[in-house]
Amino acid sequence: MQVQRVVLNSQPGKNGAPVPENFRVEKTTLAPDLQDGEVLVRTLYLSVDPYMRCRMNEDTGADYLTPWQLFECVDGGGVGVVESSRCSTCTEGSVVTSFNWPWQTHAVLKGSSLQKVDSSMADGHLSYFLGVIGMTGLTALLGVREKGHVVKGANQTMVVSGAAGACGSIAGQIGKLDGCVRVVGICGTEEKCRALVEDLGFSAAINYYYEDIPKRLKECCPDGIDVYFDNVGGVISDAVIAQMNNGSHVILCGQISQYNKDVPYPPPLSEETQKALQIKNITRERFMVLSYMSKADAALCELSRHVKSGQIKVLETVVNGIENMGDAFCSMMKGGNIGKQIIKISE
């Protein structure tokens with residue numbers, strides 16, 4: 001069988017922004033015969049995510065992430081359907097997902113590496129298993145629950161950076177559901193600001209490109225900030241931390257503003273910000289969703305209920321075709337997506 005796949009064609013270097021030319025689409029052939037335990041899958045949807053930028057470096061900076069190899073097929077979150085099987089747990093027609101799905105139109109995989117999904121959990125939207133009812137949703141929900149210390153009735157204010165991205169857009173809605181009286185999102189376009197307030201129910205949105213962030217934070221958060229879901233780091237996070245209350249909490253989820261720089265993770269803070277954390281006794285702990293996988297099944301069921309009831313609204317930016325994987329990845333890294341960036345590979 002002839003299939004298309006995406007390989008890593010070149011590396012941007014630790015201090016460079018990725019470009020579509022770092023990726024190359026090529027044709028390859030799959031062997032027709034399956035071995036015991038193997039399945040042939042047809043890829044339906046693939047995901048591109050900020051953490052993948054680290055996988056373009058020889059050293060990812062994280063022991064749980066392996067680097068992508070030059071001229072080898074790239075992988076990440078994917079969902080697909082089993083077309084033929086020699087695995088007792090993955091029968092033909094099963095919808096399956098994996099965190100290490102090869103960027104190919106079809107693939108032969110070990111059935112044991114795949115997780116079967118129940119499409120009714122996503123109301124038939126199979127791409128949701130890469131977003132709100134997948135690792136992205138888990139990161140948002142468990143991040144807020146484990147590190148946010150949101151208490152109903154405590155009159156808390158939450159700020160989310162990267163708020164119109166896959167994780168931030170869900171995290172803000174979780175904060176609201178869990179009892180925050182004010183949820184303020186920071187993002188980079190007027191269209192995103194409108195989506196946060198009008199579609200997702202955020203209290204307010206700040207456009208960091210055109211607005212004075214400290215001034216707008218004071219206006220939107222008159223009682224200070226109690227919980228900060230941090231997806232971006234850098235100067236935006238410095239501005240938020242400066243207005244956080246005593247005993248407040250930073251959920252350190254991501255630092256996308258720093259991913260194209262050769263700095264350790266989490267990146268070092270300015271002296272002023274370090275001082276603010278100490279004086280105000282602000283907790284700022286790195287959140288690793290993989291450390292909480294014992295809670296994943298219950299959390300995914302909860303996310304599914306919220307999506308079906310309409311309490312969590314889902315935003316997606318969908319691009320068609322495996323030939324557009326590189327473009328979609330680079331666009332996502334520059335904030336070109338609203339919600340989860342998805343690539344549809346087949347029907």
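Just so it is clear, the structure is predicted and the values come from calculations on it, not from any experiment.
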Starting from Leu141, can I reach Leu290 by hopping between I/L/V/M/F/W/Y residues whose side chains sit under 4.5 Å apart? yes
Check against side chain to side chain contact (heavy atoms under 4.5 Å, CB included), Val227 and His149: CA-CA 8 Å; Val227 185; His149 304 276; over 6 Å; no
Would you mind reporting whether Lys176 and Leu200 have side-chain heavy atoms less than 4.5 Å apart? no
Taking it one step at a time, do Glu190 and Arg194 satisfy salt bridge (Lys or Arg N to Asp or Glu O under 4.0 Å)? CA-CA 6 Å; Glu190 286 305 306; Arg194 275 195 303 276; 5.1 Å; no
Hey, is the main chain of His106 close enough, under 3.5 Å, to the side chain of Gln104 for a donor-acceptor pair? yes
To the nearest 0.5 Å, tell me how far Ser169 OG sits from Lys313 NZ. 12.5 Å
Over all heavy atoms of both residues, which pair between Gly168 and Asn231 is shortest? Give the atoms and the distance, please. CA-ND2, 3.6 Å
If you take all heavy atoms of Val96 and Cys90, which pair is closest and at what distance? CG1-SG, 4.1 Å
Can you check whether Asn281 reaches Asn246 side chain to side chain, under 4.5 Å on heavy atoms? no
Would you call Arg216 and Glu219 a salt bridge, using N to O less than 4.0 angstrom? yes
We want to know whether Thr273 and Asp238 form a side-chain donor-acceptor pair, criterion being a heavy-atom distance below 3.5 angstrom. yes
Hydrophobic cluster identity match, Ile170 and Val318, side-chain contacts under 4.5 Å: yes
Hey, would you say the Phe287 and Tyr292 ring centroids sit under 6.0 Å apart? yes
same_hphob_cluster(Leu177, Val150) at 4.5 Å side-chain heavy-atom cutoff: yes
Within one Ile-Leu-Val-Met-Phe-Trp-Tyr cluster: Phe99 and Met293, side-chain cutoff 4.5 Å: yes
Out of the candidates Lys340, Lys344, Glu316, only one should pair with Ser127 under the side chain to side chain donor-acceptor pair (under 3.5 Å) rule; please name it. Glu316
same_hphob_cluster(Leu269, Val159) at 4.5 Å side-chain heavy-atom cutoff: yes
Among Ile322, Thr317, Asp327, Val48, whose side-chain contact (heavy atoms from CB on, under 4.5 Å) with Ile343 holds? Val48
Looking only at side-chain N and O atoms, does Arg42 offer a donor or acceptor that is under 3.5 Å from a partner on Ser346? yes
Verify the neighbour count for atom CD of Glu191: are there more than 12 heavy atoms of other residues, nucleotides or ligands below 6.0 Å? no
Please work out which of the three classes, parallel, tilted or perpendicular, describes the rings of Trp68 and Trp103, given edges at 30° and 60°. perpendicular
Measuring centre to centre across the rings, with the benzene-like ring taken for any Trp, is Phe229 within less than 6.0 Å of Phe202? no
Could you check whether Tyr228 and Asp230, counting side-chain N and O atoms only, form a donor-acceptor pair closer than 3.5 Å? yes
Is it true that Glu21 and Asn9 share a donor-acceptor pair across their side chains at a distance under 3.5 Å? no
Give, for atom SG of Cys180 and atom CD1 of Ile174, the distance between the pair rounded to the nearest 0.5 Å. 11.0 Å
Roughly how far, to the nearest 0.5 Å, is the CG atom of Asn324 from the SG atom of Cys330? 11.5 Å
Tell me whether Lys308 at atom NZ has more than 12 heavy atoms from other residues, nucleotides or ligands lying less than 6.0 Å away. yes
With side chains defined as the heavy atoms from C-beta onward, is the minimum distance between Met56 and Arg53 less than 4.5 Å? yes
